[in-house]
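Quick notes on the structure that follows.
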Amino acid sequence: GWADHLEFMDGRLANSLDYAGKLLKSGDSNIATSVSGTQAPTAYGGMDWWKQVKVLDGALSYFVGGQLELHRSFKPDGQFMPWNWGYSARGAKAVANIWRTAFVGCRGVIGFHDLSIFNPDWTWSAGYKEVKPCMDRIASGVGKHLIHNLKGEPSVAVLYSQASIRAAFFENRREEHSKLRDKYIQLLHHLGYAFDFVSYEQLADGTFESRGYKALILADATAMSDAEVAAVERFAAKGGAVLAEGVPATREGNCRKRVQSPLARFVLIPKVDVSYLKALEYPAEPENAALIAAEQDRLESALAKAGVNPPRLLLSDASGGGRFRLAETYARAGKGALFWGVISNDRQDHVIDFSFPKKGHLYDLAAGKYIGFGDRFTLPFAGGRPYAFELTDERPAISELTAEDGKIRIAYSKDVDSVVYLRIYDPKGQEVEHYSRKLVVKNGFAEMTVPFALSDPKGEWRVTATDVVGRAVREIVFTHK
């Protein structure tokens, strides 16, 4: 009864949000609905994020409880903008938070509060000066490129089970359950695997099976419906790997106890263990370093046996210290390109050998520079210096830029997806910022028409086009009559 009541109330909240959104859109179909200050998934308060994300267009979310990964998994095109900088975050931590937000796939980032940005005299605050360079880089077109052209290709899924959250609550293990979700987010990023969360409903209704995942992780998934259990059985029968931490499906979907688990044979780790997160706080301590290595090696080995071998970026200490295990890696792919966002979780600075799965032209979009051609590069790596690596088969180049009285066309020499930054200057040489654009390039082509006003001066206007990846620049002058 208790779990059934919570399921009903979670549904009531989602229905209310859906009703409010539809009511607002009846007056203006172009608006987007979202909620702000969102909380971690819990057994109470309506925090079933699968139900809410289905009826919202986005959220201004906090970053606790794995929300960013849950939200982007459930609605890849959602307008999610987290409160992910400001507060007490400064320097390297703030920079890492902002890039992490971009790598996850959010549409923007929000800072709290005004003093995180401005001083009382309206000059930039010290905290904002520290993050402004990375804000400018993302706004230069890198963010748009990440959103529109580079997509994750996940082969691993992690089950999001609201019923199991409820079970953990009345078993007095809610913190343990929440931390286990964080553990797998960290582990998968440290190992460089792209992954999705899948909801209990997506597992039961066949959506999960249609997506081509090779492995399913059941992290403390103690409460599962018969339909979910059947879906797991079908997945395993077709060769999919099922890896469980904690015995799964010991309870039904309404949290009623089962006599025995029908999925017990898939247990990889019998008892939930979240000591990995504690070890990350002081990773240099020998016992913590050993624990981190053991946890990563165990999951990596299990996934490899399942045939999960995506093209991964491998990091090793250039001084001979072996594999570097403290980097979050966010893997994506685009047309003729592979991408990895990389953030150090270590307080110490390092020199790292970055080994890529193939040779290519390597760019760092975070710095806006070309690194070189090859498959291995030795580079400095620090907490406040994330990398946004893009590896391309060929260097992107703008082959054609034409303009006829404001109709601008851009063509590339190859069939690529990118972003081009168009800057438009009036006859006096002043940039007209409200006409300048970052255009998404698809299949090597983009175009726009300058919406000239009657008051705009006639004469020769200038356009510069800069590719956001390769930094190739073309320029043209056209006459506005």
Side-chain angles (χ1 to χ4, degrees), residues 66 69 100 154-159 164 168 173 175-195 197 213-222 240-248 261 263-331 340 342-348 350-355 357 381 383:
E69 298 289 356
R100 183 178 294 111
S155 50
V156 179
V158 183
L159 178 63
S164 300
R173 299 187 304 104
E175 289 299 321
E176 180 182 72
H177 183 93
S178 181
K179 287 180 179 179
L180 189 64
R181 186 186 310 114
D182 290 338
K183 170 187 169 179
Y184 276 96
I185 290 172
Q186 289 291 319
L187 265 174
L188 289 164
H189 281 312
H190 285 155
L191 291 171
Y193 293 103
F195 67 93
F197 279 95
Y213 299 112
K214 293 184 177 180
L216 172 65
I217 294 173
L218 303 177
D220 196 31
T222 56
V242 181
L243 312 173
E245 179 160 349
V247 181
S261 167
L263 302 177
R265 69 186 184 277
F266 297 119
V267 172
L268 177 68
I269 305 171
K271 184 175 174 55
V272 172
D273 180 3
V274 295
S275 55
Y276 184 79
L277 297 178
K278 197 69 177 176
L280 291 175
E281 295 177 11
Y282 299 97
E285 294 296 324
E287 62 271 27
N288 289 343
L291 188 153
I292 290 167
E295 286 273 17
Q296 291 183 7
D297 290 345
R298 175 167 51 191
L299 181 57
E300 185 175 47
S301 175
L303 291 174
K305 288 179 182 177
V308 182
N309 293 297
R312 286 191 291 154
L313 172 63
L314 301 178
L315 286 69
S316 58
D317 196 313
S319 64
R323 184 172 180 175
F324 186 74
R325 297 180 178 271
L326 300 173
E328 296 174 42
T329 303
Y330 298 78
W340 296 270
V342 193
I343 298 171
S344 175
N345 288 158
D346 199 351
R347 299 183 183 92
Q348 304 298 318
H350 296 269
V351 177
I352 297 296
D353 287 330
F354 293 89
S355 296
F381 193 36

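Sequence positions, counted from 1, serve as the residue numbers for this chain. Here the structure is a predicted model, which means the values were calculated and not measured.
Between Ala327 and Leu315 the shortest heavy-atom distance is CB-CD2, 3.6 Å. Shortest non-hydrogen contact noted between Leu291 and Ser275 is CD1-OG, 3.4 Å. Nearest heavy atom pair, residue Ala194 against residue Ala331, reads CB-O, 4.1 Å. Thr329 and Gly192 make their closest contact through CB-CA, 3.9 Å (heavy atoms, listed as atom of the first residue, atom of the second, distance).
We find the NZ-CG distance between Lys278 and Asp273 to be 13.5 Å, quoted to the nearest 0.5 Å. Going from atom CZ of Arg100 over to atom CD of Glu328 covers 4.0 Å, rounded to the nearest 0.5 Å. Atom CG of Leu313 and atom CD1 of Ile352 lie 10.5 Å apart (nearest 0.5 Å). Put simply, CG on Asn345 and CD on Glu281 are 12.0 Å apart, with the number rounded to the nearest 0.5 Å. Taking CG of Leu243 as the start and CZ of Phe266 as the end, the distance is 10.0 Å to the nearest 0.5 Å. Leu188 CG to Ile217 CD1: the interatomic distance, rounded to the nearest 0.5 Å, is 4.5 Å.
A search for ring-ring contact (aromatic ring centres under 6.0 Å, His included) contacts involving His189 returns Phe195, Tyr330, not counting sequence neighbours. Legend: residues meeting salt bridge (Lys or Arg N to Asp or Glu O under 4.0 Å) with Glu176, ordered by chain and number and at least two apart, are Arg173. Val274 is linked by a side chain to side chain contact (heavy atoms under 4.5 Å, CB included) to Lys179, Leu180, Val272, counting only residues two or more places apart in sequence or in another chain. Partners of Arg323 under the side chain to side chain contact (heavy atoms under 4.5 Å, CB included) rule, at least two apart in sequence or in another chain, are Leu191, Asp297, Glu300, Arg312, Arg325. When the salt bridge (Lys or Arg N to Asp or Glu O under 4.0 Å) test is applied to Lys183, the partners found at least two apart in sequence or on another chain are Glu245, Glu295. Remark: Phe197 engages no residue in a ring-ring contact (aromatic ring centres under 6.0 Å, His included) (not counting sequence neighbours). With sequence neighbours excluded, the residues that form a salt bridge (Lys or Arg N to Asp or Glu O under 4.0 Å) with Asp353 are Arg376. Listed by chain and residue number, nothing satisfies the side chain to side chain donor-acceptor pair (under 3.5 Å) test with Ser344 (two or more places apart in sequence, or in another chain). Under the rule for a side chain to side chain contact (heavy atoms under 4.5 Å, CB included), the partners of Ala157 that lie at least two apart in sequence or sit in another chain are Val198, Phe208, Tyr213, Leu216. Take Pro270 and apply the side chain to side chain contact (heavy atoms under 4.5 Å, CB included) test, not counting sequence neighbours, and it matches Val267.
For residues 299-327, every residue pair satisfying the ring-ring contact (aromatic ring centres under 6.0 Å, His included) rule, not counting sequence neighbours, is listed here: Phe324-His350, Phe324-Phe381.
When atom types are taken as modelled, the side chain of Asp220 and the backbone of His177 share no donor-acceptor pair closer than 3.5 angstrom.
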Distance-only criterion, 3.5 Å: show the donor-acceptor pairs between side-chain atoms of residues 304-311 and protein atoms not counting sequence neighbours.
none

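Residues Ser164 and Thr222 are in side-chain contact: their nearest non-hydrogen atoms beyond the backbone lie under 4.5 Å apart. Contact check for Tyr184 versus Glu69: no side-chain heavy atoms found under the 4.5 Å cut-off. At least one side-chain heavy atom of Asp182 sits under 4.5 Å from a side-chain heavy atom of Leu277. With a 4.5 Å cut-off on side-chain heavy atoms, Leu326 and Leu280 count as touching.
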